[in-house]
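All values derive from a computational prediction rather than experimental measurement. In the text below, chain A, chain B and the rest are named by the order of the sequence lines, each starting its count at 1.
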2 protein chains.
Amino acid sequence: MTDDGSLASRGKPRVHKQTVKTLAFSILRGDFPAGHVLPPETELCDTLGISRSALRESIRALKDKGMLVARPRHGTIVQPRSAWQLLDADLLSWSMEIDPGAEFVLSLFEARQVIEPAAARLSALRATPDDLAALETAFADMTRAKAAGDFPRFNEADIAFHLALLRASSNVVFIQLSNMIGTALAIAFRMSIARAREPGASLSKHGDLITMIRARDPVGAENMMSRLLAIAAIDLGLNGGE
Amino acid sequence: MTDDGSLASRGKPRVHKQTVKTLAFSILRGDFPAGHVLPPETELCDTLGISRSALRESIRALKDKGMLVARPRHGTIVQPRSAWQLLDADLLSWSMEIDPGAEFVLSLFEARQVIEPAAARLSALRATPDDLAALETAFADMTRAKAAGDFPRFNEADIAFHLALLRASSNVVFIQLSNMIGTALAIAFRMSIARAREPGASLSKHGDLITMIRARDPVGAENMMSRLLAIAAIDLGLNGGE
DNA sequence: CGTCAAGCATTAATCAGACTAATGAGGATC
DNA sequence: GATCCTCATTAGTCTGATTAATGCTTGACG
């Protein structure tokens, strides 16, 4: 799921996976605009130099993501963006790799501002010792990475922290949105880099949040997370939504 | 996407789609517990009476949903629930059809309590005339259906209302969660039926919500939606989360 | 007896080509 | 002009053969 062919991710460059990415990128890049019918299967097989089974499995994947629809006699046609399942793990990472788009970035952050405080509240009510340990570990990694000036590693630990928080909420829906949150954080990091800002100004707040959760203070945890995200919003140059 | 073979949904009973459902149901029902390897492709083809291409496309779909993982020499193994992408449209409807599960239902409702008030707030800021018209139409349908005592139709209109609200928020992430919200509402409706309760006690609140949005009152809209959901929580016998 | 490497067997992944079915277009019929 | 029939196009399905990945067995070696 997380491995592409680009990085030598231990082993096996499956054909259809590569094809899926190729086709998806073509669509994302706009080579095939919405409503456009792409060439017949046999022709595409020729172009891509693969067999029909492999191509069909690739197309199946893209159909399940809402990017394509196939009908006999008509061909395979590209669906408008509105039909895509943008929260799909693959689609999310691809569109991030190409170009997230300002509107999408804003939507992601708005969603974080709503979901993460709620997750913090629930975590304060339900977090298990294991959950707290995961949060502590991530926080320790963040602290260490910042001290070392290793910002990529800091971002990684930051993401781990927020995902651990979602898991601690014990809410299945929130946990399922981990991909979205993780992607949003990765984008935020890249934007910070682009602006030559130092990320991690809110490090101490993360520690305070753990304290709140440990103290079983749902209101405090929720507020702390809101404040944390408000700082992040300023860092990103967003107005914060209010 | 939305059509199954069960209902005569205008035309074409595709083989692999039926197979996907069959396999998914077997897994959901627990015939194949997590970690279990299902029979080799050739054998499964025999059992199901289909060709390998069809079976393979079906398995691809389930792999993309996180339910299966295939490795040469080992076979295709069933993944634990934690690896499944539960917010996937198909998976959501299937697990609802089989058995939602109390924990999952609670998670869905908690997510609604967080997301929908926020969507209401954003709608008050951004709703276009078209969005308002969609809300009005859905509300009118609700009113009419309730007057006629047609509860299934009422539920349908209710879902349309909430989806229109998400769309009016202009937040891509919220819009993408339409499936989840719709499913949650459908479950809520079935639970109400099971308890022999009359749904729709909060009808007037929906109208008030439209008024708030029309008046561009974000705080009022958010509060109204929260109250509306609190009523729904009571109807469902949930404690409401606070 | 334990360790490691080569070969073997199993299974998914891929390829190749034919056949089937759905469906819109265009022509024949009235 | 409208209706029905035929046909061409394209995705869907089937069949079976080949390739590649990988755990397991086996046996050599220490």
Set out, line by line, the N/O atom pairs under 3.5 Å between protein and nucleotides 11-13 of chain D.
{"unit_1": "D/dA11", "atom_1": "OP1", "unit_2": "A/T76", "atom_2": "OG1", "d": "3.4"}
{"unit_1": "D/dA11", "atom_1": "OP2", "unit_2": "A/E41", "atom_2": "N", "d": "3.2"}
{"unit_1": "D/dG12", "atom_1": "OP1", "unit_2": "A/K63", "atom_2": "NZ", "d": "3.3"}
{"unit_1": "D/dG12", "atom_1": "OP2", "unit_2": "A/R56", "atom_2": "NH1", "d": "2.8"}
{"unit_1": "D/dG12", "atom_1": "OP2", "unit_2": "A/R56", "atom_2": "NH2", "d": "3.3"}
{"unit_1": "D/dG12", "atom_1": "N7", "unit_2": "A/R52", "atom_2": "NH2", "d": "2.7"}
{"unit_1": "D/dG12", "atom_1": "O6", "unit_2": "A/R52", "atom_2": "NH1", "d": "3.2"}
{"unit_1": "D/dG12", "atom_1": "O6", "unit_2": "A/R52", "atom_2": "NH2", "d": "3.3"}
{"unit_1": "D/dT13", "atom_1": "OP1", "unit_2": "B/V15", "atom_2": "N", "d": "2.4"}
{"unit_1": "D/dT13", "atom_1": "OP2", "unit_2": "B/H16", "atom_2": "ND1", "d": "2.6"}
{"unit_1": "D/dT13", "atom_1": "O4", "unit_2": "A/R52", "atom_2": "NH1", "d": "3.0"}

Taking C-beta and beyond as the side chain, do A/L122 and A/F174 meet within less than 4.5 Å on heavy atoms?
->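 A side-chain contact under 4.5 Å exists here.
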
Can you tell if the side chain of A/L177 reaches within under 4.5 Å of the side chain of B/L87, non-hydrogen atoms only?
->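 Sidechains of B/L87 and A/L177: in contact.
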
Could you tell me the separation between the [atom1] atom of [X] and the [atom2] atom of [N], rounded to a whole number of Å?
X: A/E43; N: D/dT10; atom1: CD; atom2: P; value: 9 Å
X: A/L44; N: D/dT10; atom1: CG; atom2: P; value: 12 Å
X: A/I77; N: C/dT23; atom1: CD1; atom2: P; value: 13 Å

At what distance, to the nearest 0.5 angstrom, does CD1 of B/I115 lie from CG of B/L165?
->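 It comes to 12.0 Å.
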
Applying the Watson-Crick and G-U criteria (both distances under 3.5 angstrom) with [ ] for crossing and | for other-strand pairs, one obtains for DNA chain C ||||||||||||||||||||||||||||||

What pairs with A/Q176 under side chain to side chain donor-acceptor pair (under 3.5 Å), at least two apart in sequence or on another chain?
->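 Once residues adjacent in sequence are excluded, A/Q176 has no partner under the side chain to side chain donor-acceptor pair (under 3.5 Å) criterion.
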
Would B/F139 and B/H206 count as a close aromatic pair, with their ring centres under 6.0 Å?
->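 Not close enough - the centres of the two rings lie 6.0 Å or further apart.
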
Work out which heavy atom in A/K65 is nearest to a heavy atom in A/L91; give both atom names and the distance.
->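 Smallest heavy-atom distance, with atoms named: O-CD2, 4.2 Å.
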
Verify the neighbour count for atom CZ of A/R126: are there more than 12 heavy atoms of other residues, nucleotides or ligands below 6.0 Å?
->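 Yes.
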
May I ask you to decide whether B/D131 forms a salt bridge with B/R167, counting only side-chain N to carboxylate O separations under 4.0 Å?
->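 No.
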
